[in-house]
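Working notes, beginning with the structure itself.
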There are 2 protein chains.
Amino acid sequence: MSVAYDVLNDDDTYHHGNLRDELIAAAVDVIGREGVAALSLRALARDLDVSHSAPTRHFKNKADLLSAIMEEAYEDMLTTTVDAGYLAGDNPAHRLRAMARACMRWHVDNRALSEVIRNPDVSRTAGRNVKEVLAAFYIHSSRAILGAQGQSRNPDRPVEFVYLNMIVSVVGAASVLTDPVYVETLPALDADELIDDMVDHLFPLKD
Amino acid sequence: MSVAYDVLNDDDTYHHGNLRDELIAAAVDVIGREGVAALSLRALARDLDVSHSAPTRHFKNKADLLSAIMEEAYEDMLTTTVDAGYLAGDNPAHRLRAMARACMRWHVDNRALSEVIRNPDVSRTAGRNVKEVLAAFYIHSSRAILGAQGQSRNPDRPVEFVYLNMIVSVVGAASVLTDPVYVETLPALDADELIDDMVDHLFPLKD
DNA sequence: AGTTAATGTGGATACTGACAACATGCTATG
DNA sequence: CATAGCATGTTGTCAGTATCCACATTAACT
């Protein structure tokens with residue numbers, strides 16, 4: 001260091017050390033509090049005490065940062081719901097219900113990430129990774145659906161439609177449950193009750 | 001006009017005449033092609049051959065413009081689905097199904113408007129009008145639901161949950177059917193088929 | 001030690017949103 | 001018909017931002 005008396009921050013290194021991950025974390029924080037539109041690369045750099053163009057080394061531009069967040073989010077969502085399926089035991093119907101519930105809960109519990117992956121301006125720039133994760137999601141889900149169909153009240157419904165209906169319900173629930181307009185408009189909206197009701201209706205058990 | 005030979009544009013008036021509506025139309029056009037993020041007040045002004053701050057007279061800022069679009073969109077959505085209900089005849093179950101279908105179709109047919117009303121950054125600034133429209137929507141829908149419950153396979157399901165499930169399905173279908181990631185990932189996705197299937201499952205008829 | 005790639009800095013440019021002061025045309029009222 | 005008031009549009013300006021570039025510092029590897 002050229003300055004001899006660097007007393008105030010002696011552990012200050014030129015390299016930040018973990019800028020990429022901290023950028024993502026800070027971005028998710030901002031998005032959760034103020035929304036995607038309020039995201040600013042310069043503001044992020046300021047928060048992390050780093051020059052205004054340091055983020056460029058890790059993310060080509062803002063869309064690139066959001067893409068990275070979207071990728072991590074999709075992976076997290078996938079593992080969370082697949083894990084929940086395995087934890088639910090061997091009964092296929094129960095497993096499927098657990099997956100749907102977990103996926104909805106993930107969206108509610110990860111508002112910021114959910115907002116990112118549901119943002120058309122972000123998903124427009126989705127790369128191959130994201131599509132592979134979604135393909136894997138389809139594999140896992142359709143397997144669970146096929147296993148559960150025998151116990152369902154709608155055994156003849158095509159798998160693709162059941163899958164799509166599940167995705168639609170998950171995404172829609174995420175939208176409605178996190179949208180201030182709906183939350184303020186609707187009568188006494190309890191997320192868990194709604195999720196249970198929707199899962200019951202999506203995958204009704206015979207007994 | 002101070003310039004005597006104003007040959008090129010003799011019908012050019014100082015006042016644009018209909019700037020507000022054309023701003024909205026141009027904005028919806030841009031959003032439909034490039035998304036909400038690509039919207040720029042200055043670009044809109046350029047497109048309409050108007051000074052860069054002329055839009056300020058009609059919309060205090062960008063959020064204000066988007067709010068106005070959202071209001072019009074919600075009203076249009078409401079009237080479209082309510083009208084479809086009345087056109088469907090007297091059978092309550094058929095009426096409800098027609099409303100759900102029309103609402104989903106509205107979203108698919110009005111991608112740009114749907115994208116606006118589903119954008120959290122926009123709905124965060126929603127005014128009282130929007131909430132009143134949604135309240136009216138709830139009134140209309142719950143009336144239809146109550147009428148249809150006797151014919152449904154789930155007569156005991158609470159009205160609020162049926163309504164919420166309908167909203168969730170509509171919003172979710174809009175998200176999935178317009179999201180490039182899902183459209184490219186999913187196997188042969190036909191919007192009309194999916195809508196029919198989901199409505200059938202949402203409001204099953206006895207016969 | 002010396003080379004090289006990765007990472008961070010500072011400056012320059014262009015675009016954007018927002019504001020303020022001014023210009024213009026419409027309209028109502030005397 | 002004059003003129004005052006108002007709605008609308010214009011020009012000028014400023015701060016914040018994204019993005020690109022040349023350069024500095026560090027780490028890693030030979």
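Computed from a predicted structure; not experimentally measured. Here is the naming used below: chain letters follow the sequence lines, and residue numbers restart at 1 for every chain.
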Find out whether B:F161 and A:H201 are in side-chain contact, i.e. whether some heavy atom of one side chain is under 4.5 Å from a heavy atom of the other. no
Review point. How are the rings of B:Y74 and A:Y182 set relative to one another: parallel (under 30°), tilted (30 to 60°) or perpendicular (over 60°)?
Key: perpendicular
Report task. Could you walk me through whether B:L177 and B:V183 pass side-chain contact (heavy atoms from CB on, under 4.5 Å), step by step? Result -> CA-CA 6 Å; B:L177 289 172; B:V183 172; 5.8 Å; no
Exercise. Do the non-hydrogen side-chain atoms of B:L65 and B:L39 ever get within less than 4.5 Å of each other?
Worked result: yes
ask   = Does a side-chain N-to-carboxylate-O contact under 4.0 Å join A:D200 and A:R97?
value = yes
Taken to the nearest whole Å, NE2/B:H52 to C1'/D:dT8 is 15 Å
What residues 32-47 of chain B contributes to the DNA chain D interface at heavy-atom separation below 4.0 Å is B:R42
Subject >> Sidechain N-carboxylate O distance under 4.0 Å for B:R124, A:D179 >> reply: no
Closest of D:dG9, C:dG8, D:dT13 to the A:L19 side chain is C:dG8
Expected list for residues 53-65 of chain A near DNA chain C, using heavy atoms below 4.0 Å, is A:S53, A:A54, A:R57, A:H58
If the threshold is 4.0 Å, N to carboxylate O, is there a salt bridge linking A:D49 and A:R46?
no
* To do: Verify whether one side chain among A:R157 and A:N165 offers a donor that lies under 3.5 Å from an acceptor in the other.
  => yes
